[in-house]
Colleague: 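Submitted below is the structure of interest, expressed as structure tokens.
In what follows, every heavy atom counts, from backbone to side chain, and hydrogens, waters and symmetry copies are set aside. Each ligand, and each atom within it, is numbered from 1 in the order the structure gives. None of the values given here were measured: they were computed from a predicted structure.
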Amino acid sequence: MQLRPPIDDETSVLVLTGAGISAESGIPTFRDAGGLWESHAIEDVASPGGFERDPALVWRFYSERRRKARTCAPNPGHRALALLERRLGDRFLLASQNVDGLHGRAGSERLVELHGNLFLSRCSHCARPPFSDEAEHTGALPRCEQCGTGLWRPHIVWFGEMLDPEHLERIDHFMGKAKRLVFLAVGTSGAVWPAAGLVGVARARGADTWLVNAERAENTGHFHHFVQGESGTVLPDLLASTSRW
Ligand code: NAD
């Protein structure tokens with residue numbers, strides 16, 4: 001019989017998702033053959049230096065990703081998490097490394113998008129807050145109309161950039177106030193930091209830790225439980241009847 005995370009009325013659940021949860025929606029993971037980066041060096045399209053050198057190339061790349069993400073829909077894995085949030089309310093928090101917006105479209109609200117969101121842009125020069133931008137910028141590059149100087153850039157955390165400290169504080173505060181904590185990681189290879197280290201932080205706070213992944217992740221040994229499989233199939237079952245245990 002499949003073990004399930006013990007979620008009672010005093011339990012808080014922190015979920016970390018990665019590219020794997022969106023694979024069944026048709027969005028390639030980081031490593032998959034035919035994946036995103038096949039025709040580009042990461043440092044050309046996903047680093048501040050790459051944007052400085054060739055912003056048009058970066059915008060062509062992200063415009064294609066916007067186009068692709070728009071054609072995809074949330075899958076049962078995203079929906080199972082949105083459903084769990086509805087049951088738990090403030091005892092639920094979802095931290096995602098994904099930028100595709102599918103968790104939001106599935107109905108998740110208590111959501112920390114650690115690496116940004118494909119459908120937000122910001123000014124590369126001034127402090128104007130990120131704003132909604134669904135356009136594909138393949139012609140003239142958009143320039144900030146508030147400062148008149150900076151180009152718009154995707155609101156994505158690129159390689160070499162820091163995560164938003166407020167996001168990390170929110171996660172830490174959530175763990176700190178939990179009476180009993182379950183940490184569940186889904187579809188993430190455990191190779192990208194600091195997300196890969198969250199399991200260690202959660203364990204240090206006494207969490208019961210679960211990994212749902214199609215294959216062993218680099219940090220599988222750090223979890224109490226590993227459920228191997230596709231999240232669109234595993235999560236609806238794993239989270240189905242966890243309100244009682
Ligand atoms: P990753 O590609 O490094 O690892 C994905 C993991 O998911 C793999 O271990 C794989 O075995 C597993 N997986 C594949 N299909 C699965 C399924 N159906 N169910 C469960 N597991 C499945 O992804 P990562 O750890 O998130 O790190 C990659 C980085 O690239 C992240 O920073 C992320 O922001 C970014 N990225 C985001 C997206 C997206 O927004 N959808 C897509 C690709 C990359």
Colleague: If we only consider heavy atoms of G229, is any one of them less than 4.0 Å away from an atom in ligand 1?
Modeller: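 Heavy atoms of G229 do come under 4.0 Å of ligand 1.
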Colleague: Checking contacts here: is it the side chain or the backbone of N213 that comes within 4.0 Å of ligand 1, counting heavy atoms only? Could be both or neither.
Modeller: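 The answer is both, backbone and side chain.
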Colleague: Does a side chain donor of either H78 or S22 reach within less than 3.5 Å of an acceptor in the other side chain?
Modeller: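 Yes, S22 and H78 have a side-chain donor paired with an acceptor closer than 3.5 Å.
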Colleague: Enumerate the atoms of ligand 1 whose separation from the nearest heavy atom of A23 is less than 4.0 angstrom.
Modeller: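 In order of number, 15 (N).
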Colleague: Using the rule side-chain contact (heavy atoms from CB on, under 4.5 Å), only one of L238, V15, V186, V199 pairs with W210; which is it?
Modeller: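 The option that passes is L238.
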Colleague: So does K179 pair up with E10, basic N to acidic O under 4.0 Å?
Modeller: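 E10 and K179: salt-bridged.
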Colleague: Can a salt bridge be assigned to the pair D100 and R105 using a cut-off of 4.0 Å between side-chain N and carboxylate O?
Modeller: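 So D100 does not pair with R105 through a salt bridge.
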Colleague: Test of understanding: given a 4.0 Å heavy-atom threshold, classify the contact between P28 and ligand 1 as side chain, backbone, both, or neither.
Modeller: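 Only the backbone of P28 comes within reach of ligand 1.
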Colleague: Which is it for T209 and H222 under the side chain to side chain contact (heavy atoms under 4.5 Å, CB included) test, yes or no, and what are the steps along the way?
Modeller: CA-CA 8 Å; T209 55; H222 297 166; over 6 Å; no
Colleague: Which of the numbered atoms in ligand 1 are below 4.0 angstrom from a heavy atom of A19?
Modeller: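 Going through ligand 1 atom by atom, the ones under 4.0 Å from A19 are 2 (O), 23 (O), 24 (P), 26 (O), 38 (C), 42 (C), 43 (C), 44 (C).
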Colleague: Check whether any N or O atom of A214, backbone or side chain, sits under 3.5 Å from an N or O atom of ligand 1, and answer yes or no.
Modeller: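 Yes; the residue has a nitrogen or oxygen that sits under 3.5 Å from a nitrogen or oxygen of the ligand.
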Colleague: Near E24, which atoms of ligand 1 are under 4.0 Å from a heavy atom of that residue?
Modeller: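 Going through ligand 1 atom by atom, the ones under 4.0 Å from E24 are 17 (C), 18 (N), 19 (N).
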Colleague: Identify which of H103, Q97, R216 has a heavy atom lying nearest to atom 35 (C) of ligand 1.
Modeller: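 Comparing heavy atoms across H103, Q97, R216, the nearest one to atom 35 (C) of ligand 1 lies in Q97.
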Colleague: Determine whether the side chain, the backbone, both or neither of I27 has a heavy atom under 4.0 Å from any heavy atom of ligand 1.
Modeller: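 Side chain only; the backbone of I27 stays clear of ligand 1.
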Colleague: One thing to verify: whether E43 and R53 come together as a salt bridge, which I'm taking to mean a side-chain N less than 4.0 angstrom from a carboxylate O.
Modeller: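 No, no charged N to carboxylate O under 4.0 Å.
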Colleague: Within ligand 1, which atoms have a heavy atom of V192 less than 4.0 Å away?
Modeller: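 Those of ligand 1 that fall under 4.0 Å from V192 are 27 (O).
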Colleague: Can you give me the closest heavy-atom contact between P28 and K68, atom names plus distance?
Modeller: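 Heavy atoms of P28 and K68 come nearest at CD-CE, 4.4 Å.
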Colleague: If you take the nearest heavy atom of each of G20, S189, G190, which one is closest to atom 7 (O) of ligand 1?
Modeller: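 It is G20 whose heavy atom sits nearest to atom 7 (O) of ligand 1.
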Colleague: Just let me know how E230 lines up against ligand 1, side chain, backbone, both or neither, with a heavy-atom cut-off below 4.0 Å.
Modeller: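 It is both parts that get close, each with some atom under 4.0 Å.
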Colleague: Which ligand 1 atoms, with their elements, are less than 4.0 angstrom from a heavy-atom of G18?
Modeller: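 The list of qualifying atoms is 26 (O).
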Colleague: What do you reckon, does V99 have a nitrogen or oxygen under 3.5 Å from a nitrogen or oxygen of ligand 1?
Modeller: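 For ligand 1, there is an N or O atom that lies under 3.5 Å from one belonging to V99.
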Colleague: Can a salt bridge be assigned to the pair R110 and E85 using a cut-off of 4.0 Å between side-chain N and carboxylate O?
Modeller: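 Here R110 pairs with E85 in a salt bridge, since their nearest N and O are under 4.0 Å apart.
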Colleague: Set out, in order, the CA-CA distance, both residues' side-chain angles and the distance that settles side chain to side chain contact (heavy atoms under 4.5 Å, CB included) for R128 and R122, then state yes or no.
Modeller: CA-CA 7 Å; R128 170 189 184 183; R122 68 173 192 263; over 6 Å; no
Colleague: How close do A217 and L211 get, heavy atom to heavy atom, and via which atoms?
Modeller: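 Closest pair (atom of A217, atom of L211, distance): CB-CD2, 4.0 Å.
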Colleague: Heavy-atom contacts with G187 under 4.0 Å: which atoms of ligand 1 show up? List them by number with element.
Modeller: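 The atoms of ligand 1 under 4.0 Å from a heavy atom of G187 are 5 (C), 6 (C), 7 (O), 21 (N).
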